[in-house]
Amino acid sequence: MDGGIHSYKPSVRMKEEMGGNLCSIKVWIQRADNGHGLKDCQNCDNKQGIDITVLYTDVSGDVRTHTINSRDLSSSWVWENPDDGKHSTEKAEVIEWPPQQTMSKSENDIRPFFDQRKQTNSITPLKLKRQRLRQRRREKRAAELINMSEESELEIEARAIKRSKQFNSTTRGRYSIWRIEYQNPNSDSILKLMKDQIVMAKVYASIAHSMKKMDLYDSIYKHIRETQHAIEDASIDADLQQDALEYAKAMGHALSTAKDVLYDCDVVDRKLRAMIQSAESSINVVKKQSTFLIQHAAKTVPRPLHCLPLYLTTDYYLHRYHTEELSDNSKFSDPSLYHYAIFSDNVLATSVVVNSTAVHAKEPEKHVFHIVTDRLNFAAMRMWFIKHPPLPATVEVQNIDEFKWLNSSYCAVLRQLESARIKEYYFKANHPSSLSTENENLKYRNPKYLSMLNHLRFYMPEVYPKLNKILFLDDDIVVQKDLTPIWSIDMKGMVNGAVETCKESFHRFDTYLNFSSPMISNNFNPQACGWAFGMNIFDLNEWKRRNITGIYHYWQDLNVDRKLWKLGSLPPGLITFYNLTYPLDRRWHVLGLGYDPAINPSEIENAAVIHYNGNYKPWLDLAIIKYKMYWSKFVNYNDPYLVNEGTLAHADAIKMGFDSYTSASNSIMSFYLKLGMKGCARNVFDEMVWKDSVSWNAFIHGFLSQGDSQLGLRLFIEARACGFVPNLSTLVLILQACWKLKALTEGQCFHGFIVKSGFTADISLQNSLVSFYGKSNNVESAQKLFDEISERDVISWSSLISGYVQTGGAVNALELFKNMSMEDGIEMDGLVLVSVLQACSFVGCVNYGRSVHVHVFQRGFGADLFISNSLIDMYSKCFHMNSAYMVFIQMTHTNLVSWNSILSGLVENEQHMEALLFLESMKKVVVQGDAYTAVILLQACKMLGLEAFCRSIHALIIRRLFELNNFVMNSLLDAYAKCELMELALRLFRQMRSRDVVSWSTMISGFSHCGEPRKGVAFFIQMRLGRHGPNSVTLLSLLEACSTLADLKLSKCVHGVAARSSFSHNLSVATALLDAYAKCGSLNSSRKIFRGMTEKNLLSWNAMIAALGMNGCAREALAALEEMTVQNVKPNGVTMLSILSACSHGGLTQEGLLLFQRMSGDFYLKPSMEHYSCIVDMLARAGDLVGGFEVIKRMSEEGVEAAPAAWGALLSACRRFGHREIGENVASHVLKLEPLSSAGYVLSSSLYAKAGLQDETARLRLLMKERGVRVVSGYSLVDVGQLAKRFVSWDESHLMTEEIYSMVDLLHDCIKWPYDEIYSFNELS
């Protein structure tokens, strides 16, 4: 008998024969086909068949064999021959179950095409790169294994044998075959296995009892009791007892023994069928009970909602609020406003509808809410909105019992309620039990179907006779967007605007109406699309014209015996508005949150209104948890009325002893945590006798969600010591707490815990880890984790992109976004686009930003306020204010952030006057600025030097109570200082209640700016006496004063303060010290500081080059420029200005011109007016007056207007070199540009005097006198003791004038002496 390769699929019978476990099967096929394949064995003896030996593991884990003949196989066994039947006859082959998927020839032919198409569509360059890296690693590993020596192989085998000896088979845990799905923390594979074992054990126990095998019967039932005890109330494997695996193994052995003794296929089949029938009967009973309880819970008012109106009503009459008016009556009937109708007896639900609508309204002052309730809840409803008015919106509360026209003679529903048949249906005491099979349509016994509030929607013109349109809202909806545009929809003559709800065959007319009645079938289409009440726009003028209320009455009278439809308001609504309903866009109204847990989240997020239609209302415990947050965020749980309800419920729980139940304590604790009452929650938690995983998760989750990250982490560590198993939401919050606390080490330890616990497969945790590392400035780890995620979603990409942006890797973020856009199945969200726009702002790449702007419109995010504000910010920081302004004016809805963004952009782009004018537009649309607005405006004022505007904004700060905001007050101090109003700044400084280091630094900088550096230094001394420690900004302000004073001794003192305060290594402070020493003439000190810098940026190099230039070391400045270029620091315009100035003062004309020529050819170093002025000065100093004049001409040709400094330098050179012809032309430009500056007059007068033109000289002096120009004398400062004395040329007012001028003459003589003579004179002396 030769063996052959054949794969087949086992039947149910085969599985039963092998103990129900076919995890691993190896098959030897012994055949007598003389070496021919089975497909060639058509003439084989069917009676003989083929023997099949199966090697498998049973439920106990033991290896067993089973032999079966092919004649005994059922038809469900399928023979497959993937090869051509040419089998080896040398030895039997082994086949694994389950078999590998085989592919037909036709499939093989088609497969390459699909592979090619898949590769073309989905494989990105990034994926291809990863695949190649994996392939290289595999090839490298294979090569290592091939080249491995025998010694290495023996060593590996020895280590494996040693490990196997150390392995304890009794504690295999999650690595056991009993837990295949160990990676899933919510796995229930073990639990399912044990329950299946109990079923089979009951079958064998029943058979053993019938066969009088009582020992076996007792043994089986003993194992059943032990297994049931091990399971108890477990719902997942983690809830099982620790020895559950041992019970499962023992049960497996018992079942194996029972199968060998008792197994009879027919008997087992009958027993299982009987058990299935019994289970189905039990399920039907439970379904009926569940239906009854759900309907009962849906119509039962929760205790808090029942007690809330009682408290409100008591306060309403106790405090005499019934004498007050709720709102301005004049708005109730104004058709130019936006009106809403809400008919409800639920106070809390109505408040959510009103609050959510008012919050999202663009102009809430134009929105009017008309609430109609019953007499029982009227006082409570009024009291609630007296205490919680949705200002500036308007609310009207009415009592339905005050509508005298609404009576049984007019209203069909009220007339029917008076009939004996309806009373018997609803109110008869002995109606059939709610659980009996005779009772159908149980939900229609809900009192809401009898309430006139439910039918008042058919009387809109009667309730609101003066309105043209009204928007009807149910009390179980939440508004998420501005509903104002719905009033402008053209309904094309229809009465009702609603969202259609039909999908395929669902929610069509035949679902609600009885089409067996001729009245229905003759008038309506059964396939007509249904719609829903909840958010409906009614055209009341069209309503009156078509007599909609009369149509409703007609059909309601016909349905007196409920043969056309059951009770409710939707069926008569479908009939009444048949062919009169305008279908709205589905995004206006999304339904199903009260019964459907599988609604697409993107539909909910994009919907204007979400509707909790169904039994699972958001205020009930039945509510679908993941939808409840949309409703609860509009409920203020800190409200005294709601807090009072919760504490009373807690008291009742204690009185009735429910506080001993863990579930009750968990609910009470969660209530206190939601209110932020952490102390009460802690008391409840500490008093709990038994804390389960829900207790710990709720407790830790509550503290973390309240922002108490440190305590939340500490509680988590405490919980882990108690064996607590966290859920996914708690783990995500723990990671958020780690990055909020900047606890990178703790976060890494927690990452290790996640890996050990087997949670790494969850995408939400993977995304949280990426976000944690990104926000912790460890973007390398974030990238590694991102690369390991097999199925990335938009959050994965968004987290990594955000991490790169926050850590300064904007270029990497943009590259990542590019890769993301090429991925299939990834839908961008708003957060990704905001992060990418932020990256564009950092890089300054406006073209990339424009492409992202296109994405925004293509993806439908054009109306997203957050993204629009980010676009304004991006364009502003990329210096494209026109684009930013276009985005702003195209926004349908703006907020304060939008206005602040455009104002900030104008200031950043030096459009200061436009920013102040924009403030007027802000006032016209009644937008109240905040503290940040005031700071932006102060920046514009200080740049323009507008004293009056500064005072006006100061008045605004006082009116808006921003005086306690140090950020605002320090900005005001800075504005006054920059406007040279130091007296006001000093007065304001003294009036400030709290002064921080920024306040002191601002004052020091202000005095330096106003030419009073000595006062700035004095302020610093006062600051130190007041025990205020300086920061880097303080030292920068102080060094600015030192530079102004050119006081070397003071600069050294500040250097000492910086060293003692550990700021001397701060790059900004070191650069300022370098500049201060240079301006004091101590170039060696500047060099020393520059060499001591551990890192140098562009500012440092600029400062050093300027220092060398101002101290006459022009060639060293050129060398520093070359060294700077070598170190890959690219020079900017300031660098080139400093080096050109050095060349000008050092006489290096050729070098300066070469640098200017190189600068002109560099796109990023386009010469500005200052550079041209420096070149003019350089040529003028060298005597090339014609060349300087030509440069000025070239400037005008290129659209650059020459500055007065350039003309002044050229005029000074003309005077020095006596070039009168050019000088006269230059002088006219100087006097024209600076008519009030004395320098131009003095230089021109000297030029004419040198040329002997006394008349021209006299004319200029007369012109100066007529224009009131006074000559400002030059002066020098000389330190005498602790004071700086001013020395003015030819001043003889000092008492020691003769001595002073004698010393000056001596100094002049010393200057004129040759250096060699001075040196020899010093040697002689």
Side-chain angles (χ1 to χ4, degrees), residues 124-126 602 605-606 774 779 794-912 914-915 918 921 936 1130 1132-1133 1162-1166:
T124 64
L126 192 62
S602 63
E605 295 295 335
N606 295 326
V779 75
V794 65
I795 302 176
S796 313
W797 292 92
S798 177
S799 300
L800 187 58
I801 290 172
S802 176
Y804 272 119
V805 172
Q806 292 176 8
T807 54
V811 175
N812 295 332
L814 295 178
E815 185 66 26
L816 199 63
F817 176 73
K818 183 179 178 182
N819 295 333
M820 174 187 173
S821 61
M822 293 189 294
E823 287 280 336
D824 292 333
I826 301 294
E827 288 292 334
M828 298 179 195
D829 63 357
L831 292 176
V832 174
L833 294 172
V834 169
S835 297
V836 173
L837 288 171
Q838 193 176 1
C840 294
S841 302
F842 291 157
V843 177
C845 185
V846 70
N847 292 329
Y848 206 113
R850 290 187 192 279
S851 65
V852 177
H853 195 171
V854 173
H855 272 291
V856 168
F857 277 100
Q858 289 177 343
R859 307 280 176 171
F861 291 108
D864 190 291
L865 191 60
F866 191 29
I867 293 178
S868 297
N869 292 339
S870 300
L871 280 168
I872 293 173
D873 182 67
M874 183 273 295
Y875 281 124
S876 299
K877 290 180 178 174
C878 292
F879 306 107
H880 278 253
M881 278 310 299
N882 289 336
S883 300
Y885 184 70
M886 289 300 296
V887 172
F888 180 80
I889 62 175
Q890 290 174 3
M891 291 172 67
T892 56
H893 179 58
T894 58
N895 61 3
L896 185 57
V897 178
S898 314
W899 288 90
N900 284 343
S901 298
I902 197 75
L903 284 172
S904 177
L906 289 169
V907 172
E908 287 179 8
N909 285 268
E910 298 183 0
Q911 299 180 22
H912 308 297
E914 288 82 353
F918 215 76
S921 304
I936 296 170
K1130 191 171 182 180
N1132 62 0
D1162 193 332
F1163 177 78
Y1164 296 99
L1165 290 176
K1166 290 296 181 184

Give, for atom [atom1] of [X] and atom [atom2] of [Y], the distance between the pair rounded to the nearest 0.5 Å.
X      : Y      : atom1 : atom2 : value
Gln838 : Gln806 : CD    : CD    : 7.5 Å
Ser802 : Leu800 : OG    : CG    : 9.5 Å
Ile936 : Leu903 : CD1   : CG    : 5.5 Å
Ser868 : Asn895 : OG    : CG    : 9.5 Å
Lys818 : Tyr848 : NZ    : OH    : 7.0 Å
Glu815 : Ile801 : CD    : CD1   : 11.0 Å

Intermediate values then yes/no, side-chain contact (heavy atoms from CB on, under 4.5 Å), Leu816 and Asn812: CA-CA 6 Å; Leu816 199 63; Asn812 295 332; over 6 Å; no

List the atom of [X], the atom of [Y], and the distance in Å for their closest heavy-atom pair.
X      : Y      : value
Ile867 : Gly830 : CD1-CA, 3.6 Å
Cys878 : Cys845 : SG-N, 4.0 Å
Leu865 : Thr894 : CD1-CA, 3.9 Å
Gly774 : Thr807 : O-CG2, 3.8 Å
Glu908 : Phe879 : O-CE2, 4.4 Å

Mind checking whether His855 and Phe817 have parallel, tilted or perpendicular rings, split at 30° and 60°?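 Answer is perpendicular, since the angle exceeds 60°.
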
Using the six-membered ring wherever Trp is involved, compare the ring planes of Trp899 and Phe888 and label them parallel, tilted or perpendicular (cut-offs 30° and 60°). perpendicular

Carefully, step by step, assess Arg850 and Tyr875 under the rule side-chain contact (heavy atoms from CB on, under 4.5 Å). CA-CA 9 Å; Arg850 290 187 192 279; Tyr875 281 124; 3.7 Å; yes

Would one find more than 12 heavy atoms of other residues, nucleotides or ligands at under 6.0 Å from atom OH of Tyr885?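 Incorrect, the count does not exceed 12.
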
Could you walk me through whether His912 and Leu906 satisfy the side-chain contact (heavy atoms from CB on, under 4.5 Å) test, starting with their C-alpha distance in whole Å, then the side-chain angles of each, then the deciding distance to 0.1 Å, before giving a yes or no? CA-CA 6 Å; His912 308 297; Leu906 289 169; over 6 Å; no

Is there a donor-acceptor pair closer than 3.5 Å between any side-chain N or O of Ser904 and the backbone N or O of Ser901? no

Please determine whether side-chain contact (heavy atoms from CB on, under 4.5 Å) holds for the pair Glu914 and Asn909, giving the CA-CA distance in whole Å, both sets of side-chain angles, and the decisive distance to 0.1 Å. CA-CA 10 Å; Glu914 288 82 353; Asn909 285 268; over 6 Å; no

Run the side-chain hydrogen bond (donor to acceptor under 3.5 Å, both in side chains) test on Ser876 and Asp873 for me, step by step, so that the C-alpha distance in whole Å, both residues' side-chain angles and the decisive distance to 0.1 Å come before the verdict. CA-CA 5 Å; Ser876 299; Asp873 182 67; 5.9 Å; no

Tell me which one of Val805, Val832, Val852 satisfies side-chain contact (heavy atoms from CB on, under 4.5 Å) with Leu837. Val852

Check: Met874 and His853 side chains under 4.5 Å, non-hydrogen atoms: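 When only atoms from C-beta onward are counted, Met874 and His853 do not touch, as no gap falls below 4.5 Å.
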
